[in-house]
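Letters go in sequence order (proteins before strands), and every chain restarts at 1.
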2 protein chains.
Amino acid sequence: MPSSIPDIVISRLPIYLRALERLSQEGHEVTSSHELGKRLGISSAQIRKDLSHFGGFGKQGTGYKIAFLREQLRQVLKVEREWEVALVGAGDLGSAVARYKGFAERGFHIACVFDSSPEKVGRSIDKFSIQSIDQLPSIIQERGIRIAMIAVPAEHAQEVANTLVGAGVKAILNYAPINLSVPDDVHVQYIDPVLHLQRMTYYLT
Amino acid sequence: MPSSIPDIVISRLPIYLRALERLSQEGHEVTSSHELGKRLGISSAQIRKDLSHFGGFGKQGTGYKIAFLREQLRQVLKVEREWEVALVGAGDLGSAVARYKGFAERGFHIACVFDSSPEKVGRSIDKFSIQSIDQLPSIIQERGIRIAMIAVPAEHAQEVANTLVGAGVKAILNYAPINLSVPDDVHVQYIDPVLHLQRMTYYLT
DNA sequence: AATCTAGCGTGAAATTCGTAACAATGTTAT
DNA sequence: ATAACATTGTTACGAATTTCACGCTAGATT
Ligand SMILES: NC(=O)c1ccc[n+]([C@@H]2O[C@H](COP(=O)([O-])OP(=O)(O)OC[C@H]3O[C@@H](n4cnc5c(N)ncnc54)[C@H](O)[C@@H]3O)[C@@H](O)[C@H]2O)c1
Ligand SMILES: NC(=O)c1ccc[n+]([C@@H]2O[C@H](COP(=O)([O-])OP(=O)(O)OC[C@H]3O[C@@H](n4cnc5c(N)ncnc54)[C@H](O)[C@@H]3O)[C@@H](O)[C@H]2O)c1
């Protein structure tokens, strides 16, 4: 049933959710597909159509009650609960990620941090004590963690991904600039800032 | 003329380029749309069609010469030259970005780093001396910088974007979790790791 | 040389996606 | 109470995108 909803629709929901949370912070209580669309540079029809996949969240003539719509989107995306996330790689980027409060604020708790370097294992980043990569499988399995972030050099990313998949992880956010091969039931998202920059230079004269 | 090529095609070229560079590192000299597609999880027809927008880069029966195709894509994307990039925000994330070697390695040189905090202005991150945000317009204009990265708290991202646009910046990579309003001729790309995580939880049972 | 094979480039077909339009319905003003 | 208005949910359509399928060429094989 949920498989009938296009991926591209799902991928826009977090954008809507983020905008709703901001509107809420700014003191708004209701909004409309037009207002949201204007903020996001998306047509109002698109927003209404996307939302209608999941039922009628708005009221004709009035718009959407922000608190309600936000709650509904949270449930659709399964982010009304909290998720535990494993972080692999405690280098420059990994440390910044571990210290970043934005994950926990939005429901993603970093539950453990792994590294392979004996220099780093045992040390701490904030409240996180860095653990050996050797312990990854047992810890992840015990805690039932299904989401992980990879912040190791590109050369080691695939091997880390294999370990994660073996331990039962089903969703990976990969910061290393390399494509990963994983089984079909494992989801991967990529963050590579250079790639984003390269997407813009084409348009510069 | 270039405007006739769909954005979605352009957005895939950097992915191809990255894969080609890796294949090259691994010692390959030629590849095929099938091999590339398998690595990237993209159909071979898609790759051939995307590339054909720019001319025939391959040889029938043989495939693509990696070094040649890479060079062609670099030119199409305008990344055969080097670009200077401004970084605004020298906090946790900004520092990690400034220290990251991957930008310069791939042709994006961080040319200057700005922050508004008197505590930070004058200090250094690696070789970068942090400059006051007040000097941003004059420095950016003098150096003719047209690309910037924003790594300030969400509340200040729009005001920073306005300043950047005023100074002539035409491409912004925004790390703050907020949508920016900019003129039509300014390009914006977003990086928000939480958003990527939220795109995966939907599919977890 | 003739044959075979791999694999590109491409037009046509199929599919997916976005937009326009509107009936239905709630809200506000008078 | 009625009219005027705003905005949703939905359908129908057109645009954009992807996939298919095949002609064609370069190189390998015999
Ligand atoms: N620093 C950034 O701003 C930034 C930005 C974008 C992408 N990246 C990417 O993120 C990755 C990490 O970057 P970084 O700057 O933090 O590098 P880094 O070298 O500072 O850190 C990498 C860490 O990974 C650990 N590691 C290596 N192999 C491992 C393994 N098999 N298992 C567990 N841990 C292992 C190392 O011990 C090290 O601590 C790289 O792929 C980089 O390209 C970094
Ligand atoms: N740390 C991470 O891993 C991470 C990851 C993703 C996104 N982000 C986002 O990146 C942004 C920065 O995060 P951070 O952790 O580095 O925050 P931070 O508070 O450590 O740093 C923010 C910096 O921006 C500076 N600043 C504030 N207003 C400014 C202005 N108007 N002009 C110039 N500089 C200004 C501050 O002085 C500070 O140095 C935030 O929006 C955050 O949500 C951070």
Please report, rounded to the nearest Å, how far the P atom of D/dC5 is from the NE2 atom of A/H34. 16 Å
Assess whether side-chain contact (heavy atoms from CB on, under 4.5 Å) is satisfied between B/R39 and B/L23, documenting all intermediate values. CA-CA 10 Å; B/R39 288 219 173 197; B/L23 280 167; 3.4 Å; yes
Distances under 3.5 Å between protein N/O atoms and the N/O atoms of nucleotides 11-17 of chain C, please, pair by pair.
{"unit_1": "C/dA12", "atom_1": "N6", "unit_2": "B/K49", "atom_2": "NZ", "d": "3.3"}

Sub-4.5 Å side-chain heavy-atom contact between B/Y64 and B/L51: yes
Counting just side-chain N and O atoms, does B/S33 come under 4.0 Å of either OP1 or OP2 of C/dG7? no
Are B/L173 and A/P193 side-chain neighbours, meaning at least one heavy-atom pair lies under 4.5 Å? yes
Over how many whole Å does the gap from B/L69 atom CG to C/dC8 atom P extend? 10 Å
Rounded to the Å, how far apart are A/L51 CG and C/dG18 P? 14 Å
Examine distances only and state if a side-chain atom of A/Y16 and a backbone atom of A/L40 form a donor-acceptor pair shorter than 3.5 Å. no
Atom-pair distance (CD1 on B/I10; C1' on D/dA16), nearest Å: 15 Å
Round to a whole Å and report the spacing from CD1 of A/I47 to C1' of D/dT10. 16 Å
Okay, side chain of B/R199, backbone of A/S11: is any donor-acceptor separation there less than 3.5 Å? yes
Atom-pair distance (NZ on A/K38; P on D/dT7), nearest Å: 12 Å
Return no unless some side-chain N or O of B/Y64 is found under 4.0 Å from OP1 or OP2 of C/dG9. yes
Using a strict cut-off of less than 4.0 Å between a Lys/Arg side-chain nitrogen and an Asp/Glu carboxylate oxygen, indicate whether B/K38 and B/E35 qualify as a salt bridge. no
Using atom CZ of A/F57 as one end and atom P of D/dG9 as the other, report the distance to the nearest whole Å. 9 Å
Phosphate OP1/OP2 of C/dT19 contacted by A/S43 side-chain N/O (<4.0 Å): yes
Looking at A/R48, does any N or O in its side chain come under 4.0 Å of the phosphate oxygens OP1/OP2 on D/dG9? no
Per nearest nucleotide of DNA chain D, the residue lying toward the 5' end, B/Q60 or B/V9, is B/V9
Which class fits the ring pair A/F103 and A/Y100: parallel under 30°, tilted 30 to 60°, perpendicular over 60°? perpendicular
Could you state the atom-to-atom distance from CZ of A/F54 to C1' of D/dT8 in whole Å? 17 Å
For a quick test of reading the model: is some side-chain N or O of B/K59 closer than 4.0 Å to OP1 or OP2 of D/dG27? yes
